Amino acid sequence: MSATEEVVTTIFGPSTESISSYVDILASRGIEWGLLGPREAERLWDRHVLNSVAIAGLIPQDAAVVDVGSGAGLPGIPLAILRPDLKVTLLEPLLRRVNFLELAVEELDLAERVRVIRGRAEDHGGSYDVVTCRAVAPLPRLLAWCVPLLGVEGRLVALKGSSAADEVAQATPELRAARLEARVEELTIPGVAESTWAIVVSSR
């Protein structure tokens with residue numbers, strides 16, 4: 001067993017087979033359909049799947065989650081596999097990606113807890129405990145799209161790179177106007193060399 005396999009088994013436990021099936025889907029259909037570049041095949045675990053579940057500890061128990069701009073299902077599908085307590089909505093405007101997501105959810109037997117909706121965040125109109133997103137847009141634009149989707153005590157959890165603090169600084173006017181506060185969390189994953197960062201936005 002490789003170091004990555006040991007890490008995956010430790011993190012996912014009884015859901016290891018399911019997350020492995022999802023990675024197989026990404027490595028085949030995900031690349032064939034152009035949702036991921038061919039070079040990503042060797043980096044699916046650490047760069048995509050393990051990176052996605054780094055935010056799992058920032059999501060409350062039994063939360064209703066919407067993954068905005070879900071794309072290939074990142075971070076929404078890995079989170080749903082890791083956390084069976086979550087109800088996850090994968091929100092994606094592009095038809096090809098929606099078709100991919102619907103097939104993946106069906107094949108992974110996640111349909112009871114995961115739904116796929118074609119649409120844009122600004123047109124969706126739902127209410128959630130947590131809004132997640134990954135590599136979608138800079139924070140000022142994310143706030144405009146995602147804050148209307150937050151419930152009374154909801155939070156936005158946005159996966160970001162090392163420039164997360166700069167994005168928070170740039171979004172200061174928008175945060176003040178909406179009476180929101182934002183913090184940056186540096187997240188580490190066993191077996192993954194690079195840290196990842198999340199911006200967590202909530203009401204003051």
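Numbers for residues simply follow the sequence, beginning at 1. Everything quoted here is computed from the prediction, not taken from an experiment.
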Is there a continuous path of hydrophobic side-chain contacts, each under 4.5 Å between heavy atoms, that joins Ile117 to Val88?
no
Closest approach of Thr188 and Ser195, non-hydrogen atoms and distance?
CG2-OG, 3.6 Å
When rounded to the nearest 0.5 angstrom, what is the spacing between CG in Leu95 and CZ in Arg118?
4.5 Å
Dump the intermediate steps for side chain to side chain contact (heavy atoms under 4.5 Å, CB included) on Trp145 and Leu156, then the final yes or no.
CA-CA 11 Å; Trp145 296 342; Leu156 166 65; over 6 Å; no
Give a yes or no on this: more than 12 heavy atoms of other residues, nucleotides or ligands lie within 6.0 Å of atom CD of Glu112.
no
Once rounded to the nearest 0.5 Å, what's the spacing between atom CG of Leu82 and atom CD1 of Ile77?
13.5 Å
Please check if the number of heavy atoms outside Arg43 that lie under 6.0 Å from its CZ is greater than 12.
yes
Identify all side-chain donor-acceptor contacts of residues 162-170 below 3.5 Å with residues at least two apart in sequence or on another chain.
unit_1: Glu167; atom_1: OE1; unit_2: Leu139; atom_2: N; d: 2.9
unit_1: Glu167; atom_1: OE1; unit_2: Lys160; atom_2: NZ; d: 3.0
unit_1: Glu167; atom_1: OE2; unit_2: Lys160; atom_2: NZ; d: 3.4

Taking atom CD of Glu106 as the centre, report whether more than 12 heavy atoms of other residues, nucleotides or ligands fall under 6.0 Å from it.
no
With the 4.5 Å side-chain cut-off for hydrophobic clustering, are Val200 and Trp197 part of the same group?
no
Interatomic spacing from OG in Ser20 to CH2 in Trp45 - rounded to 0.5 Å:
4.0 Å
Roughly how far, to the nearest 0.5 Å, is CZ of Arg113 from CD1 of Ile81?
8.5 Å
When you group the ILVMFWY residues by side-chain heavy-atom contacts below 4.5 Å and let the links chain together, are Phe100 and Val114 in the same group?
yes
With the 4.5 Å side-chain cut-off for hydrophobic clustering, are Leu36 and Val98 part of the same group?
yes
Cluster question for you: counting only ILVMFWY and a side-chain heavy-atom cut-off of under 4.5 Å, with indirect links fine, are Leu91 and Leu150 together?
yes
When rounded to the nearest 0.5 angstrom, what is the spacing between CG in Leu58 and CD in Glu185?
5.5 Å
Any donor-acceptor N/O pair, Arg134 side chain to Asn51 backbone, under 3.5 Å:
no
Restricting to non-hydrogen atoms, name the atom on Ala121 and the atom on Leu149 that form the minimum distance, rounded to 0.1 Å.
O-CD2, 3.9 Å
